[in-house]
Amino acid sequence: MTVRTRFAPSPTGLLHIGGVRTALFCWLYARRHGGVFILRIEDTDRERSTPEAVQVILDGMEWLGLHADEGPFYQSERYPRYREVIRQWLAAGKAYHCYCSKAELEQMRNDQLARKEKPRYDGRCRTRQEPIEGVTPVVRFKNPTEGAVVVADAVHGNVVFQNTELDDLIIERSDGNPTYNFCVVVDDYDMKITHVIRGDDHLNNTPRQINMLRAMGVEPPVYAHLPMILGPDGTKLSKRHGAVSVLYYREEGYMPEALLNYLARLGWSHGDQEIFTIEEMRELFDIGDVNKSASAINPDKLAWISQQQMMRLPPARIAVELRWQLKRLGVDIAQGPALEAVVEAQRERSKTLKEMAQASRFFFEAPRNYEEKSARKHLGAEARPLMQQSRTALASLTEWTAPAIHEAIQALAEGGGVGLGKVAQPLRVAVSGGGVSPPIDQTLAILGREQTLARLDRAIAYASR
RNA sequence: GCUCCCAUCGUCUAGAGGCCUAGGACACAGCCCUCUCAAGGCUGGUACGAGGGUUCGAAUCCCUCUGGGAGCGCCA
């Protein structure tokens with residue numbers, strides 16, 4: 001049987017980290033088993049669902065590379081199908097009209113709470129024969145009143161719920177719209193979902209869904225309820241933490257590969273391995289290796305994984321995102337060096353692409369001014385002679401390559417009886433404006449002779465003030 | 001309140017009765033390497049929530065407690 005998983009976000013908020021992790025596991029599981037990954041937009045809440053939120057989901061999934069094999073399907077387009085099922089259930093006595101008023105329901109609830117009971121509908125309309133004049137009823141599902149439902153969960157094992165704990169849930173509102181739990185059941189049934197992988201906040205909904213699935217005449221799929229993801233402080237994810245759009249992570253300079261790698265390691269592990277390529281995850285992921293407890297996001301570790309990923313990914317791949325970042329900074333890269341070369345030079349000293357872009361500006365535009373501390377330390381009058389020697393040596397190099405540049409600088413240092421730093425640091429400040437850059441030979445090689453000499457001249461002038 | 005879930009370093013985790021005086025990773029500290037910043041290498045500290053069982057033996061199995069979380073909507 002072909003594995004079929006689905007990611008079913010509701011477009012009422014942002015697609016955040018938690019949603020992405022769920023999507024990732026669904027996608028990974030389908031990929032691992034040669035199955036089908038389906039995207040379904042759960043937009044039955046017409047008040048709160050927005051086209052913008054749908055777009056954020058679509059854009060986010062696209063950026064992450066989590067492509068759906070089927071869909072996106074929209075629940076809002078499936079209303080005729082939901083009505084059909086409700087008609088059938090009504091006719092078959094599996095569902096019934098309920099005429100209870102909100103006040104009546106409220107009263108029932110308060111009474112139960114007062115008796116320290118779990119609030120639930122008592123099924124009083126189950127036996128009603130006549131409609132009530134002037135009241136538009138809702139439709140409720142007739143949940144079994146005895147026995148137990150066993151959720152066979154791939155991460156939690158068997159979880160047992162007594163039917164007496166459940167009640168007859170509303171499946172069609174008085175305005176005629178179907179409700180969430182019901183739509184999920186019809187969709188999972190119609191879409192032949194074999195594995196429902198979702199957050200464990202849905203574990204409590206599962207027995208009702210199983211009961212409805214059985215009313216449709218099928219046995220439930222395999223469930224896998226994933227542990228929650230918490231904020232860095234261990235509390236529920238909120239806007240304060242990472243409950244922002246995934247695209248925020250793009251802005252912050254993370255590669256999709258890094259974010260996915262980090263998220264995969266939240267609740268899942270494969271021995272001691274920390275760094276995974278997408279391909280490795282696809283080969284190694286298994287739902288049985290997912291753990292049960294919630295985990296807190298750790299920004300430091302995300303940053304570390306980001307750097308590790310950048311050190312391994314093909315430069316051309318990284319260049320795509322670096323280009324995007326530089327553009328955001330307003331840097332014109334038309335005249336500068338190849339981005340791949342910049343990536344190779346910067347990758348191991350950047351945690352994010354945002355940092356890399358900042359640190360790489362000087363490759364494309366000459367520094368407007370020198371960082372004060374560095375200038376004071378390395379561009380003083382005493383540095384002038386060596387800078388001038390450097391200029392002469394560099395100008396006369398026959399070939400402009402990192403090894404040749406290195407050799408020239410080394411010779412200068414030895415000739416002057418000083419350390420390499422005495423030669424390199426003034427050069428670094430001259431070309432980059434600050435005291436930090438990739439190795440000086442590599443930096444100058446990438447920058448090119450013309451730019452190097454021009455910037456060096458300016459620095460010599462500065463040191464001569 | 002009721003039902004359900006969860007519980008190993010600060011954090012992410014390994015661990016499916018003896019291999020555990022509990023391993024790895026992030027972060028932190030020190031050292032090495034070194035033209036800066038990094039990367040890399042080495043070293044160090046810190047954890048099985050508590051109490052009862054079961055067993056020759058428990059981080060691992062059972063029970064209770066404690067702590068955290070979720071659900072209980074004409075929200076999803």
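This is a predicted model, so every value here is computed, not measured. In what follows, chains carry the letters A, B, and so on, assigned in the order in which the sequence lines appear, proteins first and then strands, with residues in each chain numbered from 1.
- Comparing R115(A) and N291(A) by the nucleotide of RNA chain B that holds the closest heavy atom to each, the one mapping nearer the 5' end is R115(A).
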Where along nucleotides 15-26 of chain B does protein come under 4.0 Å, by heavy atom, of base (B) or sugar-phosphate alone (S), with - for untouched nucleotides? --------BBBS
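- Comparing the P positions of C19(B) and C61(B) gives an interatomic distance of 16 Å, to the nearest angstrom.
- Checked against L260(A) for a side chain to side chain contact (heavy atoms under 4.5 Å, CB included), the options M255(A), M281(A), R21(A), Q309(A) give a single hit: M281(A).
- Put simply, CG on N158(A) is 14 Å from C1' on C4(B), counting in whole angstrom units.
- Summarising the local packing, CD of E407(A) is surrounded by 12 or fewer heavy atoms from other residues, nucleotides or ligands at distances under 6.0 Å.
- Atom name P, nucleotides G41(B) and A25(B): the rounded distance is 9 Å, in whole Å.
- With both pairing distances under 3.5 Å, C9(B) is matched to nothing as a Watson-Crick or G-U wobble pair.
- Among residues two or more places apart in sequence or in another chain, the side chain to side chain donor-acceptor pair (under 3.5 Å) test is passed with E274(A) by R265(A), K301(A).
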If you restrict it to nitrogen or oxygen atoms, what contacts under 3.5 Å exist between nucleotides 41-47 of chain B and the protein, and what is each distance?
none

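- No more than 12 heavy atoms of other residues, nucleotides or ligands shown are found within 6.0 angstrom of OH on Y189(A).
- Counting to the nearest Å, the C1' atom of C2(B) and the CG atom of N110(A) are 15 Å from each other.
- Qualifying salt bridge (charged side-chain N to carboxylate O under 4.0 Å, His left out) partners for R449(A), counting only residues two or more places apart in sequence or in other chains: none.
- In this view, N205(A) and H202(A) satisfy the side chain to side chain donor-acceptor pair (under 3.5 Å) rule, not counting sequence neighbours.
- Nucleotide U55(B): unpaired (no Watson-Crick or G-U wobble partner with both distances less than 3.5 Å).
- In this structure R128(A) satisfies the salt bridge (charged side-chain N to carboxylate O under 4.0 Å, His left out) test with no other residue, sequence neighbours excluded.
- Under the ring-ring contact (aromatic ring centres under 6.0 Å, His included) criterion, Y121(A) pairs with no residue, sequence neighbours left out.
- On the P atoms, U54(B) is 16 Å away from A59(B), given to the nearest whole Å.
- The only option from W268(A), F285(A), Y262(A) that meets the ring pair (Phe, Tyr, Trp, His ring centres under 6.0 Å) definition with F276(A) turns out to be W268(A).
- Dashed line: the shortest gap from a side-chain N or O of Q307(A) to OP1 or OP2 of A39(B) is under 4.0 Å.
- The interatomic distance linking I17(A) (CD1) with U11(B) (C1') rounds to 16 Å, in whole Å.
- OP1 or OP2 of A76(B) sits under 4.0 Å from a side-chain N or O of T44(A).
- When all heavy atoms are compared, the tightest approach of I318(A) to M310(A) is CD1-O, 3.1 Å.
- The aromatic ring centroids of F182(A) and F141(A) lie 6.0 Å or more from each other.
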Can you give the donor-acceptor pairs under 3.5 Å from side chains of residues 410-437 of chain A to other protein atoms, not counting sequence neighbours?
residue	atom	partner	partner atom	Å
Q410(A)	OE1	H406(A)	NE2	3.0
Q425(A)	OE1	R428(A)	NE	2.8
Q425(A)	OE1	R428(A)	NH2	3.2
R428(A)	NH1	S437(A)	O	3.4
R428(A)	NH1	S437(A)	OG	3.0
R428(A)	NH1	P438(A)	O	2.9
S432(A)	OG	R428(A)	O	2.7
S432(A)	OG	G434(A)	N	3.2
S432(A)	OG	G434(A)	O	3.0
S437(A)	OG	T443(A)	OG1	3.3

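- Counting non-hydrogen atoms under 4.0 angstrom, F161(A) reaches the backbone sugars and phosphates but no base.
- For the C1' atoms, the distance linking C63(B) with U21(B) amounts to 29 Å, nearest Å.
- Distance noted for atom P between C6(B) and G49(B): 15 Å (whole Å).
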Can you check nucleotides 35-37 of chain B for protein contacts, nitrogen or oxygen pairs under 3.5 Å, and list what you find?
residue	atom	partner	partner atom	Å
C35(B)	O4'	G421(A)	N	3.2
C35(B)	O2	R428(A)	NH2	2.2
C35(B)	N3	I440(A)	N	3.3
U36(B)	O4'	Q425(A)	OE1	3.2
U36(B)	O2'	G435(A)	O	2.9
U36(B)	N1	R428(A)	NH2	3.4
U36(B)	O2	G435(A)	O	3.4
U36(B)	O2	S437(A)	N	2.9
U36(B)	O2	S437(A)	O	3.0
U36(B)	N3	R428(A)	NH1	3.1
U36(B)	N3	S437(A)	O	2.5
U36(B)	O4	P439(A)	N	3.1
C37(B)	O2	R349(A)	NH1	2.8
C37(B)	N3	R349(A)	NH1	2.5

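- With sequence neighbours left out, the ring-ring contact (aromatic ring centres under 6.0 Å, His included) criterion links F363(A) to no other residue.
- The nearest pair of heavy atoms linking P227(A) to D200(A) is CA-OD2, 3.4 Å.
- C9(B) and C72(B) have their P atoms separated by 31 Å, with the value rounded to a whole Å.
- Rounded to whole angstrom, the span from the CG atom of D111(A) across to the P atom of G1(B) amounts to 19 Å.
- The partner of G71(B), taking Watson-Crick or G-U wobble pairs whose two distances both stay under 3.5 Å, is C2(B).
- With D168(A) as the partner, the side-chain hydrogen bond (donor to acceptor under 3.5 Å, both in side chains) test is satisfied by one option alone out of R140(A), R126(A), R120(A): R126(A).
- One interatomic measurement links the two molecules: CG of L260(A) to P of C12(B), which rounds to 20 Å at whole-angstrom precision.
- The gap from the C1' atom of C4(B) to that of A38(B) amounts to 49 Å, rounded to the nearest Å.
- Spacing between atom CG of N261(A) and atom P of U13(B) amounts to 13 Å, rounded to whole angstrom units.
- As rounded to whole Å, 11 Å separates atom P of C2(B) from atom CD of E117(A).
- Taking a pair to require two hydrogen-bonding distances under 3.5 Å in either a Watson-Crick or a G-U wobble arrangement, C42(B) pairs with G30(B).
- On the P atoms, A47(B) is 7 Å away from G10(B), given to the nearest whole Å.
- Across all strands shown, nothing is found opposite C37(B) as a Watson-Crick or G-U wobble partner with both distances under 3.5 Å.
- For A47(B), there is no paired nucleotide, since no Watson-Crick or G-U wobble pair has both relevant distances below 3.5 Å.
- As the counterpart of A16(B), no nucleotide is assigned, since no Watson-Crick or G-U wobble pattern has both distances under 3.5 Å.
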I need a per-nucleotide contact map over nucleotides 59-74 of chain B, read 5' to 3'. Cutoff is protein heavy atoms under 4.0 Å; write B for the base, S for backbone only, - otherwise. -----------BBBSB
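- With sequence neighbours left out, the side chain to side chain contact (heavy atoms under 4.5 Å, CB included) criterion links E344(A) to P315(A), R347(A).
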